[in-house]
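The next block holds one structure in the form of structure tokens; read it before the comments.
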Amino acid sequence: MAHWLYKSEPSSWSWDEQVACGEKGTQWTGVRNHSAKLNLMAMKKGERGFFYHSNQGKEIVGIVEVVKEYYPDPTDPSGRFGMVDLKAVEPLKTPVTLDDVKAEPKLAAMILINNSRLSVQPVTDEEYALIRKMGGLK
DNA sequence: GCCAACGTTGGC
DNA sequence: GCCAACGTTGGC
């Protein structure tokens with residue numbers, strides 16, 4: 001199963017707001033980048049990923065799950081882009097910061113480090129398992 | 001607050 | 001279809 005990483009500035013959409021949406025989840029609107037779009041299109045219902053706070057915190061704070069697969073984003077006037085629905089699954093016991101990721105040689109290939117501007121990124125199974133562990137989850 | 005990286009736009 | 005200008009993102 002594939003894994004993902006979603007970035008959001010807490011000032012516009014935070015983990016706490018995601019949690020407050022509960023089981024039904026929320027629309028991940030606003031992606032206007034073709035690389036990110038391709039990742040969104042590849043997602044399957046039930047796949048999990050990380051929720052990352054950019055700018056403020058710069059840390060991975062929780063696990064989210066795809067509850068609805070790719071469909072058009074109503075907030076995009078051009079109609080070219082789409083989105084998925086995500087719900088919060090569980091928070092990390094300990095947030096994993098960008099510094100933590102950089103300090104771990106096994107995570108040196110992560111897009112988070114190498115292409116920091118991509119807002120929706122794939123994460124390998126190995127990276128996913130390791131970051132979960134670093135965050136205090138099984 | 002600055003600036004580098006990168007995507008998008010628009011003139012040609 | 002190329003490329004310079006511009007806007008946005010995000011780490012520092």
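By convention in this document, chain letters (A, B, ...) are assigned in the order of the sequence lines, proteins followed by strands, and residues within each chain are numbered from 1. This one's a predicted model, so the numbers in the text were calculated from it and none came from an experiment. Computation of the quantities below employed the complete heavy-atom set of this structure, encompassing side-chain atoms and omitting hydrogens, waters and symmetry-equivalent molecules.
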Nucleic acid contacts of residues 30-40 of chain A, taken as heavy-atom distances under 4.0 Å to DNA chain B: A/R32, A/N33, A/H34
Figure out the [atom1]/[atom2] separation between [X] and [N], and round it to whole Å.
{"X": "A/L112", "N": "C/dT9", "atom1": "CG", "atom2": "P", "value": "17 Å"}
{"X": "A/E59", "N": "C/dG11", "atom1": "CD", "atom2": "C1'", "value": "15 Å"}
{"X": "A/E9", "N": "C/dC12", "atom1": "CD", "atom2": "P", "value": "15 Å"}
{"X": "A/N115", "N": "B/dA4", "atom1": "CG", "atom2": "C1'", "value": "13 Å"}
{"X": "A/I60", "N": "C/dG10", "atom1": "CD1", "atom2": "P", "value": "14 Å"}
{"X": "A/R117", "N": "B/dG7", "atom1": "CZ", "atom2": "P", "value": "7 Å"}

Between the NZ atom in A/K102 and the CD1 atom in A/I113, the distance rounded to the nearest 0.5 Å is 7.0 Å
Residues 131-138 of chain A side chain polar contacts: donor-acceptor under 3.5 Å, at least two apart:
residue, atom, partner, partner atom, Å
A/R132, NE, A/K138, O, 3.0
A/R132, NH2, A/E90, OE2, 3.4
A/R132, NH2, A/K138, O, 3.1

So which nucleotide from B/dC6, C/dG11, B/dT9 ends up closest to the side chain of A/L98? C/dG11
Can you tell me which nucleotide in C/dG10, B/dC6, C/dG11 comes closest to the side chain of A/K58? C/dG11
Test of ring centre spacing under 6.0 Å for A/F50 and A/W4: no
Between A/H34 and A/F81, what is the ring plane arrangement, given parallel below 30°, perpendicular above 60°, and tilted in between? tilted
Show the numbers, then the answer: is there a side chain to side chain contact (heavy atoms under 4.5 Å, CB included) between A/L98 and A/E59? CA-CA 6 Å; A/L98 187 60; A/E59 57 193 13; over 6 Å; no
Counterpart residues, side-chain hydrogen bond (donor to acceptor under 3.5 Å, both in side chains), relative to A/K87 (two or more places apart): A/E23
Could you check which residues of residues 99-111 of chain A get a heavy atom under 4.0 Å from DNA chain C? Sort them by number, please. A/K102
Between A/R32 and A/D73, does at least one N-O distance fall below 4.0 Å, as a salt bridge requires? yes
On DNA chain B, does the nearest nucleotide to A/N114 precede the nearest nucleotide to A/N55 from the 5' side, or the other way round? Give the residue. A/N55
Does A/Y52 place a side-chain N or O at less than 4.0 Å from the phosphate oxygens OP1/OP2 of C/dG11? yes
Classify A/L118 by what it touches in the nucleic acid, base, sugar-phosphate, or nothing, heavy-atom distance under 4.0 Å. nothing
By the rule that ILVMFWY residues connect when side-chain heavy atoms come within less than 4.5 angstrom, directly or transitively, which residues belong alongside A/I111? A/L118
Between side-chain atoms of residues 38-46 of chain A and protein atoms elsewhere (two or more places apart, or another chain), which donor-acceptor pairs fall under 3.5 Å?
residue, atom, partner, partner atom, Å
A/N39, ND2, A/S35, O, 3.3
A/N39, ND2, A/V120, O, 2.7

